[in-house]
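Because the structure is a prediction, the values reported are computed rather than measured.
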Amino acid sequence: RPRRRPNAPGPGRNLHRRSRHGKRTRGRAVEAQPPSDLTFLYEECPRCFWLKVTQGSARPRTPFPKIFTLLDGYTKDHFATKRTEEISPRLAPGRVLCGDRWVKSRPLEVPGHTRPIQLRGRIDTALIFDDGTYGIIDFKTTEPKDVHVGFYGRQLHSYALAAEHAAKGSLELGSVSLIGLLSVEPVGMTGHDGGVAYLAEPHFIEVPRDDDAFLAFLSGVLFVLERE
């Protein structure tokens, strides 16, 4: 089983308390940022990211193959009622709490900046473990390369902080003790009820929770956005 994060407050857990009780004068919050933009758009083109956030000028959308949307939906439906032990033996005992839910954070302060930032996104699946802590899993239809796991880690950290410091009306979770990816990549095909069905082997990849590193990344994002 993966190592569980201690429940003691860390840098990420102090964000909400500081934003509520800190006496610093804050600027207008940077609008809620979707994890996909923090994950790939910012990495691919910081100027494109700046233009989208500050000027409302987004790059043209690229077509998304329908097959991935279908596989994503089938995967979520299949695991929706499972115990965590059925999803992966690497997960601690628990169950699926909900899936396909939007999360949005309160304005969060980042050290070194007076302008807070909000995070938002739609999580694939939230887990609740038998010890009362939570997990967030993102499904992937292909096995992610090692170089991409770090990018997806930004996405998962965004979800975790948004759920732990939720805005009013958004999904709120307590201590998120585990984040990770569940790869469900097809490995074969078999006959099924007169048709055919893909065979897949679920593979869970834990992403270590490192709020300090993620806050340092957000600091870099804010430095880019502050060049208005």
Side-chain angles (χ1 to χ4, degrees), residues 5 7-42 49-56 58 76 80 96-129 132-139 151-180 207 209-226 228:
R5 197 167 68 106
N7 290 331
R13 300 188 180 283
N14 289 330
L15 282 169
H16 175 47
R17 286 196 293 272
R18 291 181 60 192
S19 64
R20 288 181 61 189
H21 304 299
K23 295 183 179 180
R24 295 170 58 193
T25 301
R26 299 185 301 163
R28 177 174 54 87
V30 175
E31 294 297 326
Q33 299 305 308
S36 57
D37 286 353
L38 292 173
T39 301
F40 291 108
L41 179 60
Y42 179 81
F49 179 83
W50 180 88
L51 285 170
K52 181 177 181 181
V53 176
T54 65
Q55 308 299 314
K76 291 173 182 175
V96 171
L97 175 66
C98 60
D100 228 11
R101 291 284 299 276
W102 283 94
V103 291
K104 181 178 179 180
S105 75
R106 298 182 177 93
L108 305 176
E109 284 190 355
V110 176
H113 301 268
T114 58
R115 191 175 180 185
I117 189 170
Q118 283 185 286
L119 305 171
R120 67 174 172 87
R122 187 167 65 183
I123 62 175
D124 282 347
T125 293
L127 310 175
I128 180 167
F129 298 112
T133 62
Y134 297 87
I136 294 176
I137 287 180
D138 202 50
F139 293 120
F151 293 156
Y152 292 129
R154 297 177 188 172
Q155 187 174 353
L156 288 161
H157 277 79
S158 294
Y159 294 150
L161 287 178
E164 289 178 333
H165 308 281
K168 185 177 180 180
S170 181
L171 175 68
E172 184 171 6
L173 304 178
S175 171
V176 177
S177 60
L178 180 139
I179 54 177
V207 175
R209 182 84 184 263
D210 188 343
D211 288 355
D212 287 337
F214 184 64
L215 288 177
F217 166 73
L218 287 182
S219 179
V221 170
L222 285 172
F223 278 127
V224 169
L225 295 178
E226 287 165 351
E228 295 189 53

Keeping the roles fixed (side chain from [X], backbone from [Y]), state whether a donor-acceptor pair exists under 3.5 Å.
X: Ser219; Y: Leu215; result: no
X: Tyr159; Y: Arg122; result: yes
X: His157; Y: Asp210; result: yes
X: Gln118; Y: Ser105; result: yes

Going by heavy atoms in the side chains, are [X] and [Y] under 4.5 Å from each other?
X: Val96; Y: Leu127; result: yes
X: Asp37; Y: Val53; result: no
X: His113; Y: Phe223; result: yes
X: Leu173; Y: Ile136; result: yes
X: His165; Y: Leu119; result: no

How close do [X] and [Y] get, heavy atom to heavy atom, and via which atoms?
X: Ser170; Y: Val103; result: OG-CA, 3.2 Å
X: Arg209; Y: Ile179; result: CD-CD1, 4.1 Å
X: Val207; Y: Gly153; result: CG1-CA, 3.8 Å
X: Gly174; Y: Glu164; result: O-CG, 3.2 Å
X: Ser158; Y: Phe214; result: OG-CZ, 3.3 Å
X: Thr39; Y: Arg154; result: O-NH1, 3.8 Å

#### Entry: Test of ring centre spacing under 6.0 Å for Tyr152 and Phe40
yes

Once you round to the nearest 0.5 Å, how far does [atom1] of [X] lie from [atom2] of [Y]?
X: Glu109; Y: Ile117; atom1: CD; atom2: CD1; answer: 12.5 Å
X: Leu38; Y: Leu218; atom1: CG; atom2: CG; answer: 6.5 Å
X: Leu156; Y: Phe151; atom1: CG; atom2: CZ; answer: 14.0 Å

### Task
Run the numbers on Asp138 and Ile123 for side chain to side chain contact (heavy atoms under 4.5 Å, CB included), then give the verdict.
CA-CA 7 Å; Asp138 202 50; Ile123 62 175; over 6 Å; no

